[in-house]
Amino acid sequence: MCKSFQPAVYLSLLLAVLACGSGDSATPDLAPTTTVVEIADYMGEKLTSTTGMRENSIKGPQVVDIDSWRLKVDGLVDTPREFTYEELLAREVVRRVVWLHCVDGWSARILWEGFSLTKLLEEVGVKLHARHAVFYAEDGYQSFLSLNYIKANDIIAATHANGKPLRVDRGFPLHVISQSKYGYKWCKWVTRIELVEDASLAGFYENQGYSRGGDVGDHYYNPDEGRLQP
Ligand SMILES: Nc1nc2c(c(=O)[nH]1)N[C@H]1C(S)=C(S)[C@@H](COP(=O)(O)O)O[C@H]1N2
Ligand SMILES: [Mo]
């Protein structure tokens, strides 16, 4: 019946093995997709290559030592915690194609994979009066999102893009995927998430007069809104 394996069969076997990761994972079917070549199309949607994108971060790409890197979660939480990269990779994977629009006038559509921020925050216990999550990054960058928005949209913290671990210039090891908000709300190289009641002084772009909500389509710049007073 089966004279010889067809190339297509080999290819799907190869992809199945690759999708399972290194093989020693406890939940291989839940691991992020890891392909040899970056994925160019996903379920009929054409993706933007993560290699050809503009990189305009405030201090350039940050190189993180992944062994000593931790994601700290603190502020208005019941149990402040630190997570290693391995611990985050072991979480249930959420996968989503999302457009990123930068206020500089360029956009990219990427398949992001990572974990649910809401589930992570539920684990550490969100105090009743917490209203916002402030994201801090390796380069000193900050941005914030309301907890209502994070929950309503099941916002992802991504470890992978287009089937590969994030590139250094795309925010390795962690990039917040703030869908339907401008790129400046998408913190890269995240090191800490702090839950706060009032986020009035908590954004690099927001403090210069960019919209605090940052919703795509809104008028996003009003210098009178800048909060960085002498
Ligand atoms: N840590 C950090 N995160 C950051 C920035 C930054 O300068 N530093 N720039 C923001 C801006 S303005 C944009 S448009 C997006 C770009 O994300 P990308 O590199 O995945 O396209 O990152 C956002 N996150
Ligand atoms: Mo941006």
Side-chain angles (χ1 to χ4, degrees), residues 32 38-40 42 46-66 69-73 85 88 94-115 117 132-145 149-150 153 155-194 199 201-223 225-226 228:
E38 203 176 311
I39 299 173
Y42 184 71
K46 196 163 164 30
L47 304 173
T48 310
S49 160
T50 66
T51 58
M53 290 164 61
R54 290 260 292 280
E55 211 301 309
N56 58 352
S57 52
I58 55 167
K59 289 188 183 157
Q62 302 293 301
V63 179
V64 167
D65 170 29
I66 202 59
W69 178 89
R70 297 287 181 274
L71 172 67
K72 298 181 189 61
V73 186
Y85 182 55
L88 297 178
V94 188
R95 205 170 263 125
R96 203 173 289 158
V97 174
V98 184
W99 275 107
L100 177 150
H101 303 285
C102 173
V103 293
D104 284 350
W106 52 270
S107 301
R109 177 161 58 182
I110 288 171
L111 166 64
W112 301 100
E113 290 178 90
F115 57 88
L117 264 179
H132 307 274
V134 184
F135 300 91
Y136 296 84
E138 200 73 28
D139 55 353
Y141 192 87
Q142 288 179 33
S143 69
F144 67 91
L145 298 171
Y149 161 82
I150 291 174
N153 297 281
I155 293 306
I156 305 173
T159 54
H160 285 61
N162 291 351
K164 307 202 66 108
L166 289 173
R167 290 162 48 93
V168 162
D169 54 358
R170 294 276 82 76
F172 176 83
L174 213 57
H175 196 332
V176 181
I177 307 309
S178 304
Q179 57 191 67
S180 75
K181 294 191 183 284
Y182 288 116
Y184 65 86
K185 302 297 275 184
W186 298 45
C187 196
K188 309 201 281 189
W189 308 292
V190 182
T191 54
R192 178 180 172 212
I193 305 174
E194 182 192 17
L201 276 173
F204 183 87
Y205 274 74
E206 296 87 335
N207 287 338
Q208 296 171 55
Y210 285 83
S211 148
R212 304 178 68 73
D215 291 310
V216 172
D218 279 7
H219 179 66
Y220 56 77
Y221 187 67
N222 175 1
E225 279 178 19
L228 279 185

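Just follow the structure's listing: the first ligand is 1, and inside any ligand the first atom is 1. Scope of the values below: all heavy atoms of this structure, side chains included, with no hydrogens, waters or symmetry mates.
If you check which protein heavy atom lies closest to atom 12 (S) of ligand 1, you get Tyr205 OH, 3.4 Å. The protein non-hydrogen atom at the shortest distance from atom 11 (C) of ligand 1 is Gly183 O, 3.6 Å. Of the protein's heavy atoms, Trp186 O, 2.8 Å lies nearest to atom 24 (N) of ligand 1. What sits closest to atom 18 (P) of ligand 1 on the protein, heavy atoms only, is Arg170 NE, 3.5 Å. When only non-hydrogen protein atoms are considered, atom 21 (O) of ligand 1 lies nearest to Met53 CE, 2.9 Å. Looking only at protein heavy atoms, the nearest one to atom 6 (C) of ligand 1 is Tyr141 CD1, 3.3 Å. In terms of protein heavy atoms, atom 3 (N) of ligand 1 is closest to Lys188 N, 3.0 Å.
Residues Trp186 and Phe135 form no side-chain contact, since every pair of their non-hydrogen atoms from C-beta on lies 4.5 Å or further apart. The side-chain heavy atoms of Leu71 and Val73, taken from C-beta on, include a pair separated by under 4.5 Å. Residues Tyr141 and Ser57 are not in side-chain contact: their nearest non-hydrogen atoms beyond the backbone lie 4.5 Å or more apart.
Remark: distances from the non-hydrogen atoms of Trp106 to ligand 1 include one below 4.0 Å.
If you number the atoms of ligand 1 from 1 as listed, the ones under 4.0 Å from a heavy atom of Ala137 come out as 1 (N). Those atoms of ligand 1 that come under 4.0 Å of a heavy atom in Trp189, given as number and element, are 1 (N), 2 (C), 8 (N).
Counting only residues at least two apart or on different chains, the side-chain hydrogen bond (donor to acceptor under 3.5 Å, both in side chains) pairs with a member in residues 155-170 are Glu38-Asn162, Arg167-Asp169.
With a 4.0 Å heavy-atom cut-off, ligand 1 is reached by the side chain of Leu100 but not by its N, CA, C or O.
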- Message: side-chain contact (heavy atoms from CB on, under 4.5 Å) for Leu166 and Trp112? Distances and angles first, verdict last.
- Response: CA-CA 9 Å; Leu166 289 173; Trp112 301 100; 3.8 Å; yes
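For the ring pair (Phe, Tyr, Trp, His ring centres under 6.0 Å) criterion with Tyr210, the lone passing option out of Phe204, Tyr182, Tyr184 is Tyr184.
No cation-pi contact links Lys185 to Tyr149, judged by a cut-off of 6.0 Å to the six-membered ring centre and 45° from its axis. Stacking of Lys188 on the aromatic ring of Phe172 is not recorded, the 6.0 Å distance cut-off and the 45° axial limit not both being met.
Of the options His175, Arg167, Lys185, His101, the smallest heavy-atom separation from atom 20 (O) of ligand 1 is shown by His175. Of the candidates Ile58, Asp139, Thr50, Thr191, it is Asp139 that places a heavy atom closest to atom 8 (N) of ligand 1.
Remark: Trp99 pairs with His101 by the ring-ring contact (aromatic ring centres under 6.0 Å, His included) rule, at least two apart or across chains.
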